[in-house]
Participant: 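Attaching a single structure in structure tokens format; questions to follow.
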Number of protein chains: 2
Amino acid sequence: MPVERPRRRIPEATVARLPVYLRILIEQANEEVESISSDGLAELAGVNAAKVRKDLSYLGSYGTRGVGYEVAFLVYQIRRELGLTHDWPVVIVGAGNLGQALAGYGGFGQRGFPVAGVVDIDPSKVGSVIAGVRVRHIDDLDQIVQTRHVNIGVVATPPSAAQDAADRLTRAGVTSILNFAPVVLAVPNGINVRKVDLAVELQILSYYEQRRMGVGLQAIGSSDSGRGASA
Amino acid sequence: MPVERPRRRIPEATVARLPVYLRILIEQANEEVESISSDGLAELAGVNAAKVRKDLSYLGSYGTRGVGYEVAFLVYQIRRELGLTHDWPVVIVGAGNLGQALAGYGGFGQRGFPVAGVVDIDPSKVGSVIAGVRVRHIDDLDQIVQTRHVNIGVVATPPSAAQDAADRLTRAGVTSILNFAPVVLAVPNGINVRKVDLAVELQILSYYEQRRMGVGLQAIGSSDSGRGASA
DNA sequence: AGGCATTCGTGCACGCGTTCACAAAGTCCG
DNA sequence: CGGACTTTGTGAACGCGTGCACGAATGCCT
Ligand SMILES: NC(=O)c1ccc[n+]([C@@H]2O[C@H](COP(=O)([O-])OP(=O)(O)OC[C@H]3O[C@@H](n4cnc5c(N)ncnc54)[C@H](O)[C@@H]3O)[C@@H](O)[C@H]2O)c1
Ligand SMILES: NC(=O)c1ccc[n+]([C@@H]2O[C@H](COP(=O)([O-])OP(=O)(O)OC[C@H]3O[C@@H](n4cnc5c(N)ncnc54)[C@H](O)[C@@H]3O)[C@@H](O)[C@H]2O)c1
């Protein structure tokens with residue numbers, strides 16, 4: 001907390017890569033690696049070294065020329081820039097197939113996103129316990145969001161109910177939504193939505209598969225998994 | 001009308017949007033809508049109308065000026081361009097929490113991606129049945145891939161086993177991989193990998209949440225809200 | 001201390017994707 | 001049948017992200 005925050009805008013593409021760097025750096029730290037070069041990090045992240053340097057330069061000039069970056073310090077800086085210095089409790093709407101898998105997945109809590117609650121509209125689901133979290137009725141959403149200071153909501157309802165879920169979330173005060181339903185959500189200005197649509201991912205793969213066959217066995221673009229363009 | 005395929009390269013950003021258009025158009029067709037304008041489609045997809053027109057123009061000139069696009073015909077064309085005229089069986093590696101949710105999810109089969117098999121390395125998982133699919137041992141992977149002509153593999157193993165899973169998939173002949181493990185996979189040239197990393201998505205949301213607070217309540221998200229402020 | 005090897009930070013050019021703007025092409029209606 | 005209106009298709013400008021190339025800074029070795 002001593003240093004002034006740079007506060008400049010970071011390109012979205014960079015923001016999307018910082019979590020990847022962070023994960024790798026934490027792994028390296030666990031393996032007692034103290035320092036890493038942009039080349040080394042680039043290799044592990046599967047990106048260009050210049051890109052790594054440019055990305056990290058948005059955080060400030062935290063590298064040492066001729067040496068590289070101090071892993072522990074970089075972890076701290078990225079954490080800070082991403083707002084991971086404290087936990088972000090999330091609430092999951094929809095305790096079905098997927099909602100249960102998410103709630104039962106320990107990886108979120110570990111990474112600073114504890115499940116503050118799981119809600120469902122189906123009375124037969126309410127009351128059951130998933131991984132230590134009791135499923136509550138969706139009418140309790142406001143209370144959960146307010147008492148637990150939840151900013152992030154996860155939509156795991158059927159497509160037909162996704163807009164309703166999003167409406168309830170924003171009305172309760174949630175300002176970021178991660179949407180798993182294959183639906184384009186309409187939300188008020190200022191609300192940040194990211195979607196995870198597995199069918200879309202598969203269809204993108206299908207496009208390149210089909211193209212591979214039609215055009216006749218030629219290498220596809222780099223084995224890069226571009227993403228972003230969330231809108 | 002020559003049915004000859006244009007075969008020009010479609011920008012990746014467009015390829016990523018075509019599935020969204022497709023889903024919306026299918027919905028519209030189900031509601032007996034016969035024709036749609038770029039404006040209408042743009043609204044439903046949450047994008048710019050010019051973008052819709054440019055995206056669709058990569059398929060060919062299939063619109064009618066003054067009217068719009070014929071929904072059914074557009075559905076057919078997008079399906080064709082994405083390679084969705086036939087099914088793409090997928091094999092899931094890892095029958096844990098997530099793998100089971102995926103296998104049990106009917107949405108994939110509906111959209112042309114039937115689950116050709118689920119494999120796991122844990123003998124206690126092998127033999128159990130998920131949504132009508134019996135979990136088989138990972139040693140059967142080659143056989144499944146070959147007999148069912150699988151091109152797409154899904155990695156749903158723990159992070160530590162993800163690279164091994166990817167190696168086995170590529171060795172078996174799979175050329176596209178959808179990876180759920182928070183790991184950067186190394187694959188041979190020509191293999192297409194897409195990743196779905198929920199922790200990354202949450203951390204991206206965290207960044208904007210934190211920024212929202214630090215800078216003091218101003219709109220973020222789709223609109224620019226330019227905050228120059230460098231140095 | 002000086003020279004050498006290494007690696008960062010970044011200016012710059014390039015390419016891709018987005019958006020605007022408008023002519024072309026078609027419909028609709030009186 | 002002609003003119004007004006609608007909507008497509010696309011050229012062009014713009015902005016952003018990527019990757020190269022290189023100066024600057026630092027450590028290490030002799
Ligand atoms: N399961 C998967 O692997 C998978 C994969 C890709 C996408 N998805 C998508 O994720 C979403 C959830 O999938 P699922 O398999 O868990 O479905 P599901 O039907 O198993 O679960 C949906 C849950 O949402 C609840 N619900 C319905 N309306 C609600 C409302 N208005 N408010 C709160 N809760 C409500 C239902 O009671 C149910 O418990 C779907 O949109 C699906 O398309 C799932
Ligand atoms: N569950 C979720 O909601 C969720 C969310 C985000 C990310 N993930 C990621 O998805 C992956 C799977 O998560 P999960 O919760 O299903 O884990 P899990 O531990 O429940 O299941 C993993 C399965 O993979 C099997 N496995 C292990 N090594 C294998 C190998 N070499 N070959 C084949 N199978 C092997 C295990 O036997 C187990 O059945 C993890 O990487 C996790 O980080 C899961």
Side-chain angles (χ1 to χ4, degrees), chain A residues 6 8-18 20-21 25 33-71 73-74 77-78 204 220-231, chain B residues 6 8-18 20-21 25 33-71 73-74 77-78 204 221-228 230-231:
Chain A
R8 49 189 152 176
R9 181 189 151 274
I10 297 184
E12 176 164 339
T14 294
V15 173
R17 281 188 296 269
L18 287 178
V20 178
Y21 301 151
L25 290 167
V33 177
E34 288 181 1
S35 164
I36 193 169
S37 68
S38 61
D39 253 317
L41 183 50
E43 176 105 3
L44 294 172
V47 301
N48 187 292
K51 199 182 288 187
V52 169
R53 289 199 295 276
K54 185 148 289 187
D55 285 342
L56 296 182
S57 76
Y58 289 111
L59 308 180
S61 291
Y62 295 140
T64 306
R65 299 177 186 217
V67 179
Y69 300 87
E70 197 198 328
V71 173
F73 187 64
L74 212 48
Q77 288 298 338
I78 295 179
I204 293 171
I220 327 180
S222 61
S223 52
D224 185 337
S225 57
R227 190 134 211 300
S230 64
Chain B
R8 47 189 153 173
R9 181 189 148 275
I10 297 184
E12 177 165 339
T14 295
V15 172
R17 281 189 295 269
L18 287 178
V20 177
Y21 301 151
L25 290 168
V33 176
E34 289 182 0
S35 164
I36 192 168
S37 68
S38 60
D39 252 316
L41 184 49
E43 176 105 5
L44 293 172
V47 301
N48 188 293
K51 198 183 285 186
V52 169
R53 289 200 294 277
K54 184 144 288 189
D55 285 343
L56 296 181
S57 76
Y58 289 112
L59 309 179
S61 290
Y62 295 140
T64 307
R65 298 175 187 220
V67 179
Y69 300 86
E70 197 197 329
V71 173
F73 187 63
L74 212 47
Q77 288 298 339
I78 295 180
I204 293 171
S222 48
S223 50
D224 48 309
S225 82
R227 182 129 243 270
S230 69

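In the text below, chain A, chain B and the rest are named by the order of the sequence lines, each starting its count at 1. Not measured: the values here are computed from a predicted model.
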Participant: From the set D:dG17, C:dG17, C:dA21, return the single nucleotide nearest to any side-chain atom of B:E12.
Facilitator: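 From the listed options, C:dG17 comes nearest.
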Participant: Would you give the length of the straight line joining atom CD of B:Q77 to atom CG of B:L25, rounded to the nearest 0.5 angstrom?
Facilitator: 12.0 Å
Participant: Just the rounded figure in Å: distance from C1' of D:dT26 to CD of A:E70.
Facilitator: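 Whole-Å distance recorded here is 15 Å.
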Participant: Between A:V67 and B:V67, which is nearer to the 5' end of DNA chain D once each is assigned its nearest nucleotide?
Facilitator: B:V67
Participant: Atom CG of A:N48 and atom C1' of C:dG15: how far apart are they, to the nearest Å?
Facilitator: 15 Å
Participant: Would you please test B:V47 and B:V20 for side chain to side chain contact (heavy atoms under 4.5 Å, CB included) and show each step?
Facilitator: CA-CA 11 Å; B:V47 301; B:V20 177; over 6 Å; no
Participant: Taking C-beta and beyond as the side chain, do A:S38 and A:L56 meet within less than 4.5 Å on heavy atoms?
Facilitator: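 Contact flag for A:S38/A:L56 side chains = no.
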Participant: Would you say that A:D55 contacts A:Y21 through its side chain, given a criterion of any heavy-atom pair below 4.5 Å between the two side chains?
Facilitator: yes
Participant: Is there a donor on the side chain of A:K54 or the base of D:dG19 sitting less than 3.5 Å from an acceptor on the other?
Facilitator: yes
Participant: For the side chain of B:R17, counting heavy atoms from C-beta on, which of C:dT18, D:dA21, C:dT19 is nearest?
Facilitator: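 Closest nucleotide among those given: C:dT18.
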Participant: Counting only side-chain heavy atoms from C-beta out, which of D:dG17, D:dG19, D:dT10 sits nearest to A:K51?
Facilitator: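 Nearest to the side chain of A:K51 among the choices is D:dG19.
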Participant: Counting side-chain heavy atoms from C-beta on, which of D:dT8, D:dA21, D:dA24 comes nearest to B:R65?
Facilitator: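 Nearest to the side-chain atoms of B:R65, counting from C-beta on, is D:dT8.
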Participant: Where the side chain of B:Y69 is defined as all heavy atoms beyond and including C-beta, which of D:dG17, D:dT8, C:dC8 is the nearest nucleotide?
Facilitator: D:dT8
Participant: Between B:D39 (CG) and C:dT19 (P), how many Å, whole number?
Facilitator: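 Atom-to-atom, B:D39 to C:dT19, this comes out as 14 Å.
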Participant: On DNA chain D, compare the nucleotides closest to B:L56 and A:T14; which residue's is nearer the 5' end?
Facilitator: B:L56
Participant: Is the phosphate of D:dT8 approached by B:S38 (side-chain N or O, under 4.0 Å from OP1 or OP2)?
Facilitator: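 True: B:S38 side-chain N/O within range (under 4.0 Å) of D:dT8 OP1/OP2.
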Participant: Rounded off to whole Å, could you give me the CG-to-C1' distance for the A:L59 and C:dG9 pair?
Facilitator: 13 Å
Participant: Quickly work out the B:I10 CD1 to C:dC16 C1' distance and round it to whole Å.
Facilitator: 15 Å
Participant: Using whole Å, what does the distance between atom P of nucleotide C:dC16 and atom CG of B:D55 come to?
Facilitator: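 About 16 Å, once rounded to whole Å.
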Participant: The side chain of B:R53 lies closest to which of these nucleotides: D:dG19, D:dG9, C:dT10?
Facilitator: D:dG9
Participant: May I have the distance from B:I36 (atom CD1) to D:dT7 (atom C1'), rounded to whole angstrom?
Facilitator: 13 Å
Participant: Relative to the 5' end of DNA chain C, which residue comes earlier, A:S61 or A:G66, by the nucleotide with the nearest heavy atom?
Facilitator: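 The residue closer to the strand's 5' end, by nearest nucleotide, is A:G66.
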Participant: For A:I10 and A:L59, run side chain to side chain contact (heavy atoms under 4.5 Å, CB included): C-alpha distance rounded to whole Å, both residues' side-chain angles, the deciding distance at 0.1 Å, then the answer.
Facilitator: CA-CA 9 Å; A:I10 297 184; A:L59 308 180; 4.3 Å; yes
Participant: Could you give the OH-to-P distance, from B:Y62 to C:dG26, as a whole number of Å?
Facilitator: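 Rounded to whole Å, this separation is 16 Å.
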